[in-house]
There are 2 protein chains.
Amino acid sequence: MLPVMDANLDLHSIRIVRAIAEHGTISAAARALGYSQPAISQHLRRSEARLGTPLVIRSGRGVRLSEAGQVVARHAVAITSALDAASGDLAELVGLAAGTVRVAAFPTASSTLVPRLLGSMRQRHPGITVGYVEAEPPEAIAMLRDGAVDLAITFAYPGDRSDPHRPADVSLESVPLFTEPVVLAIPDRHALADRHQVALADLAEERWIAGCPLCRGHLLAACEAVGVTPNIELETDNAIAVLTLVAAGLGVALLPQLALATAPVPQGATVRSTTPSSDRSIQLVVQNGSRRVPSIAATIELLEQVDGADWGLARVT
Amino acid sequence: MLPVMDANLDLHSIRIVRAIAEHGTISAAARALGYSQPAISQHLRRSEARLGTPLVIRSGRGVRLSEAGQVVARHAVAITSALDAASGDLAELVGLAAGTVRVAAFPTASSTLVPRLLGSMRQRHPGITVGYVEAEPPEAIAMLRDGAVDLAITFAYPGDRSDPHRPADVSLESVPLFTEPVVLAIPDRHALADRHQVALADLAEERWIAGCPLCRGHLLAACEAVGVTPNIELETDNAIAVLTLVAAGLGVALLPQLALATAPVPQGATVRSTTPSSDRSIQLVVQNGSRRVPSIAATIELLEQVDGADWGLARVT
DNA sequence: CCGGAAGCATAATGCTCAGTTATTGAAAGC
DNA sequence: GCTTTCAATAACTGAGCATTATGCTTCCGG
């Protein structure tokens with residue numbers, strides 16, 4: 001027993017044997033596989049040397065499969081079909097006929113950006129499953145890093161130190177989508193309510209309503225910039241609640257305009273821009289290289305098409 | 001949708017993905033597969049470029065499978081097991097644990113060489129199936145060329161024009177096994193029966209018993225060589241019948257000694273060598289390159305060990 | 001019986017690909 | 001903070017695989 005059977009079958013040999021079994025000759029197999037005839041001839045030779053047994057028997061002008069060749073040909077169907085199944089599934093994924101994208105976004109987006117995104121995805125890529133979880137930017141970023149989600153939609157205020165857009169985080173990549181103004185919600189019977197723009201500095205004595213730490217942080221920073229310290233008496237994340245409180249004359253608040261898209265300004269409250277004006281930026285964040293995943297790329301593509309103007313916002317150019 | 005999914009999965013990628021799925025890191029997978037770490041890293045990179053989608057997601061210090069990688073890993077088991085099955089069957093064949101050899105041999109061999117061969121094969125290579133069909137040399141050669149059999153055991157007389165041993169037939173390869181003398185069967189009360197050797201020339205007037213065309217051809221050639229023409233009155237292939245006829249005093253015959261190994265010389269007949277003496281050679285014939293088929297090689301090996309002396313014959317050296 | 005066509009093998013050549021070692025840069029644990 | 005581990009990159013090397021060109025055998029038809 002001289003030959004040590006170590007080097008195993010390779011796909012190419014299997015395909016070649018299969019083709020020979022089907023076409024009867026090496027030349028025909030070569031044509032069918034898109035190779036020149038010597039290529040197949042040589043490869044067979046090498047394979048046979050590796051295996052220690054002939055795969056084909058030269059028979060006159062043509063060849064026929066040896067017993068070993070017949071064994072390979074018999075298995076070839078199973079192997080190639082298993083492989084084709086894998087290729088098919090993979091092609092579905094690549095061709096966006098299948099796949100999963102998990103998205104995290106901040107609460108306000110849940111009723112604005114996200115429904116629109118999910119609708120577009122359903123329409124354009126019905127095979128792709130989109131998962132969604134609501135999370136404030138810091139948690140969304142954490143989930144992204146953990147791999148719990150594939151894509152995060154976050155916001156950030158200028159100068160925000162926890163801005164996920166910051167370059168320090170090399171493993172993440174962020175794309176700005178648009179910016180939206182931060183506006184002042186004020187009771188309409190307030191003395192300053194008839195102005196077009198209200199200066200923050202004039203609001204030093206007001207009672208403030210503020211929500212999440214991030215938003216409150218922005219309020220503090222904006223006020224500090226004009227040398228005042230806001231008096232925060234009421235705390236809630238809920239935009240509707242904030243507006244209702246404002247309408248009741250219980251205070252003023254800064255709200256991102258996006259929040260107004262689904263929370264109608266109630267009787268007794270009105271909205272004004274501020275001086276200095278401030279914007280917050282909406283962005284999507286993915287892991288570095290995720291754009292190469294087709295389903296994620298498709299999601300990003302659709303997100304980039306989402307226009308902030310749909311909610312009366314300015315698109316970032 | 002830019003990426004054209006054409007270049008398909010290769011075995012290596014599948015193995016790599018499988019190994020990564022099992023071991024968790026690229027380095028561990030590389031160790032398990034016996035490669036260096038950059039080899040796997042690079043191969044993954046190439047595969048991903050080919051497929052148009054990442055297979056793994058770099059996650060901190062390690063990696064984890066992407067969705068596409070999970071798809072591949074899921075199929076990997078089926079594919080590799082199908083491949084292992086094929087390899088296993090092939091290994092059996094190569095390792096002589098399986099296989100089929102079809103043998104053709106002339107009638108006299110059926111009761112001498114062939115039973116011994118079959119017994120040896122059964123003993124030494126129980127997994128190999130040996131098929132047998134009886135055929136005179138010309139038909140045996142034809143079957144060999146047609147692929148109906150893998151190995152032919154034939155005989156030939158010196159100078160025989162249909163000798164399959166002749167070099168003209170380049171697609172066949174023959175191995176001489178041994179030679180056996182052709183002897184004269186003569187009634188023991190015949191006038192020449194008391195001689196040790198009988199000259200063919202002295203038998204010009206005898207009635208001859210002859211069998212198959214090949215044997216008869218030899219008889220004619222041998223007689224012609226000494227200037228006589230045999231008078232063939234009785235024809236039969238059957239050695240026992242020939243001997244019985246000789247014992248009955250109905251004629252003389254030339255018989256290969258192998259025929260006597262299983263046909264006892266009856267009362268009334270005896271056996272003498274002739275002048276000039278003649279031998280016939282026993283040989284095995286296979287298709288060129290068949291020796292590379294393990295099961296055929298094993299058969300040849302055993303056949304070469306068969307000693308003509310087992311039947312009182314001289315071994316060819 | 002004898003060209004011609006078809007098929008396989010061989011030779012010579014070129015190039016791509018896949019492996020190696022060496023090195024760097026991050027990330028995780030003590 | 002330092003060390004260890006892992007992955008990526010760079011540069012090099014060699015083997016494998018393809019190509020074209022050519023010769024030999026076999027089969028078929030005039």
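Here is the naming used below: chain letters follow the sequence lines, and residue numbers restart at 1 for every chain.
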[X]: what forms a side chain to side chain contact (heavy atoms under 4.5 Å, CB included) with it, not counting sequence neighbours?
X      : answer
A73(A) : V17(A), A21(A), L65(A)
A68(A) : T53(A), L55(A), S66(A), L90(B), L93(B)
S36(B) : P38(B), A39(B)

With sequence neighbours left out, write down each residue that passes salt bridge (charged side-chain N to carboxylate O under 4.0 Å, His left out) with E136(A), or none if nothing qualifies.
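Salt bridge (charged side-chain N to carboxylate O under 4.0 Å, His left out) check on E136(A) returns nothing, list empty.
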
Going by the rule salt bridge (charged side-chain N to carboxylate O under 4.0 Å, His left out), which residues pair with E139(B) if we only count those two or more places apart in sequence or in a different chain?
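Per chain and number, E139(B) pairs via salt bridge (charged side-chain N to carboxylate O under 4.0 Å, His left out) with no residue.
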
Counting primed atoms plus P, OP1 and OP2 as sugar-phosphate and everything else as base, spell out the protein contacts along nucleotides 12-17 of chain C at 4.0 Å heavy-atom distance: B, S or - for each nucleotide, 5' to 3'.
------

Do any pairs count as a side-chain hydrogen bond (donor to acceptor under 3.5 Å, both in side chains) and have a residue in residues 22-34 of chain A, sequence neighbours left out, and if so which ones?
R18(A)-E22(A)

For residues 283-299 of chain B, which residue pairs qualify under salt bridge (Lys or Arg N to Asp or Glu O under 4.0 Å), counting only residues two or more places apart or in two chains?
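Matches after skipping sequence neighbours: E173(B)-R291(B), R291(B)-E304(B).
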
If you look only at pairs with a residue in residues 75-91 of chain A, which of them pass as a salt bridge (Lys or Arg N to Asp or Glu O under 4.0 Å), with sequence neighbours excluded?
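Counting only pairs at least two positions apart or across chains, no salt bridge (Lys or Arg N to Asp or Glu O under 4.0 Å) contact touches residues 75-91 of chain A.
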
Output the residues of residues 10-30 of chain A in contact with DNA chain C, where contact means a heavy atom of the residue under 4.0 Å from an atom of the strand; sort by number or write none.
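Residues of residues 10-30 of chain A that come under 4.0 Å of DNA chain C are, in numerical order, T25(A), I26(A), S27(A).
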
Please round to 10 degrees the angle between the axis of the first five pairs and the axis of the last five pairs in the helix from dC1(C)-dG30(D) to dC30(C)-dG1(D).
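Roughly 30°, once rounded to the nearest ten degrees.
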
Please identify each residue that fulfils ring-ring contact (aromatic ring centres under 6.0 Å, His included) with Y132(A), with sequence neighbours left out.
none

